[in-house]
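To start, the structure itself, in C-alpha cells.
Computed from a predicted model, the values in this text were never measured in an experiment.
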Amino acid sequence: MKQNNFDEYQLMKRYRVSFQTLILLLIMVFINGMVSDHYMWATPIVQAMIIVSVSTAYFVSVCLFKDAYIGNHTRNKAAGLVLFFVLGAANTATSLYANWHTGYVENGALQNDVVSLILGILFLYLSLAGLLSLYVLKKRSRD
C-alpha cells in the first residue's frame, strides 16, 4: 500500500495501535506459554491461530474506529469487505457442517479442525466492523 494514501495523523495513529497490538501479542504469548505448561488446552497450531486472530481483530478494530485504517484515496472500499463477508460465511458454514457430529474438542483440547471456524469468524467480524466503519464515516461526512 502506498504511504500517500494516509495523512500524517492516520499514520501516527496506526503506529501507536501497531505498538499496542505488539504488546498485546507478547502478553498473550506469555500467558499461553504459562497455561500450556500446566494444561494443554489446544494443539499448538490452534493456540497460534487464536493468538494471531485476536491480535488482528484488535488492530483492525482500533484502526477502523480511530479513522486510521481506510486510506484517503482507496476505491471500492465496500467491495473487499463484502468479499471478506462471503468468505467468512462460507468458511464458517463449511466448518460447522463438516464437524457437526464430531465436535472440535478431543481429550479436553481443541483440535486442528477449529482453525477454519476461527478464520471464518475472524473474516465475518472484520467485514462487519469494516462495513460499520464505512457507514459511520459516510454518516459523518453527510453531517
Side-chain angles (χ1 to χ4, degrees), residues 1-140:
M1 190 176 299
K2 297 179 184 177
Q3 288 286 350
N4 60 2
N5 282 348
F6 300 97
D7 59 15
E8 291 177 17
Y9 175 77
Q10 287 176 317
L11 288 174
M12 185 61 78
K13 287 287 186 185
R14 282 181 71 127
Y15 296 149
R16 181 171 289 153
V17 174
S18 297
F19 182 73
Q20 293 170 351
T21 304
L22 176 65
I23 298 300
L24 175 68
L25 180 71
L26 292 174
I27 289 170
M28 287 191 302
V29 167
F30 178 73
I31 291 171
N32 181 52
M34 291 180 60
V35 170
S36 292
D37 268 353
H38 301 291
Y39 177 72
M40 185 55 103
W41 62 275
T43 62
I45 291 174
V46 174
Q47 292 174 7
M49 203 63 209
I50 290 173
I51 290 172
V52 169
S53 296
V54 169
S55 298
T56 302
Y58 174 79
F59 176 77
V60 172
S61 299
V62 174
C63 283
L64 279 173
F65 293 105
K66 288 192 175 198
D67 296 333
Y69 193 74
I70 300 174
N72 296 330
H73 306 292
T74 307
R75 293 184 185 175
N76 297 329
K77 298 172 188 176
L81 295 173
V82 169
L83 177 64
F84 256 54
F85 183 82
V86 169
L87 288 174
N91 220 0
T92 303
T94 56
S95 175
L96 290 173
Y97 180 73
N99 296 300
W100 184 256
H101 295 289
T102 59
Y104 297 105
V105 180
E106 186 177 307
N107 296 329
L110 287 172
Q111 297 303 307
N112 291 345
D113 297 338
V114 79
V115 171
S116 61
L117 180 64
I118 292 169
L119 283 176
I121 292 170
L122 177 67
F123 279 14
L124 285 172
Y125 172 77
L126 294 178
S127 64
L128 293 175
L131 290 171
L132 180 65
S133 172
L134 284 177
Y135 174 75
V136 169
L137 285 175
K138 284 187 180 186
K139 192 171 182 179
R140 280 185 200 164

Query raised in the report: After noting the C-alpha distance and the side-chain angles of Leu11 and Tyr15, does the key distance pass the side-chain contact (heavy atoms from CB on, under 4.5 Å) rule?
Result: CA-CA 6 Å; Leu11 288 174; Tyr15 296 149; 4.1 Å; yes

Query raised in the report: What are the two closest heavy atoms between Gly108 and Tyr39, and how far apart are they?
Result: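 Result for this residue pair: O-OH, 2.7 Å.
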
**Report entry** Heavy-atom side-chain proximity of Cys63 to Lys13 below 4.5 angstrom
**Finding:** no

Query raised in the report: Is any side-chain heavy atom of Leu25 closer than 4.5 Å to a side-chain heavy atom of Phe30?
Result: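 No; the side chains remain at least 4.5 Å from each other.
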
Query raised in the report: Yes or no on side-chain contact (heavy atoms from CB on, under 4.5 Å) for Val29 and Asn32, after CA distance, side-chain angles and deciding distance?
Result: CA-CA 5 Å; Val29 167; Asn32 181 52; 5.7 Å; no

Requested in this report: Please list all pairs passing the ring-ring contact (aromatic ring centres under 6.0 Å, His included) test where one or both residues lie in residues 80-102, with sequence neighbours left out.
Outcome: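 For residues 80-102: Phe84-Phe123.
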
Atom [atom1] of [X] and atom [atom2] of [Y]: how far apart are they, to the nearest 0.5 Å?
X	Y	atom1	atom2	result
Leu122	Leu87	CG	CG	11.5 Å
Leu81	Ser127	CG	OG	7.0 Å
Thr92	Leu124	OG1	CG	4.5 Å
Met49	Leu119	CE	CG	3.5 Å
Ile118	Asn91	CD1	CG	11.0 Å
Lys66	Arg16	NZ	CZ	7.0 Å

Name all residues meeting the side-chain hydrogen bond (donor to acceptor under 3.5 Å, both in side chains) criterion together with [X]; count only those two or more places apart in sequence or in a different chain, and write none if there are none.
X	value
Tyr58	Gln20
Ser61	Tyr125
Ser18	none

[X], [atom1]: over 12 other non-hydrogen atoms inside 6.0 angstrom:
X	atom1	value
Phe65	CZ	yes
Ile45	CD1	no
Met12	CE	no

Query raised in the report: Under 3.5 Å, is there a donor-acceptor pair between the side chain of Thr56 and the main chain of Val52?
Result: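 Present.
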
Query raised in the report: Mind checking what makes side chain to side chain contact (heavy atoms under 4.5 Å, CB included) contact with Ile27, not counting sequence neighbours?
Result: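 Listed in chain order: Ile23, Ile31.
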
Distance-only criterion, 3.5 Å: show the donor-acceptor pairs between side-chain atoms of residues 109-116 and protein atoms not counting sequence neighbours.
| residue | atom | partner | partner atom | Å |
| --- | --- | --- | --- | --- |
| Gln111 | NE2 | Glu106 | O | 3.3 |
| Gln111 | NE2 | Ala109 | O | 3.1 |
| Asn112 | OD1 | Thr43 | OG1 | 2.6 |
| Ser116 | OG | Ser95 | OG | 3.2 |

Report task. Kindly indicate, with the supporting measurements, whether the criterion side-chain contact (heavy atoms from CB on, under 4.5 Å) is fulfilled by Gln47 and Met40. Result -> CA-CA 10 Å; Gln47 292 174 7; Met40 185 55 103; 3.4 Å; yes

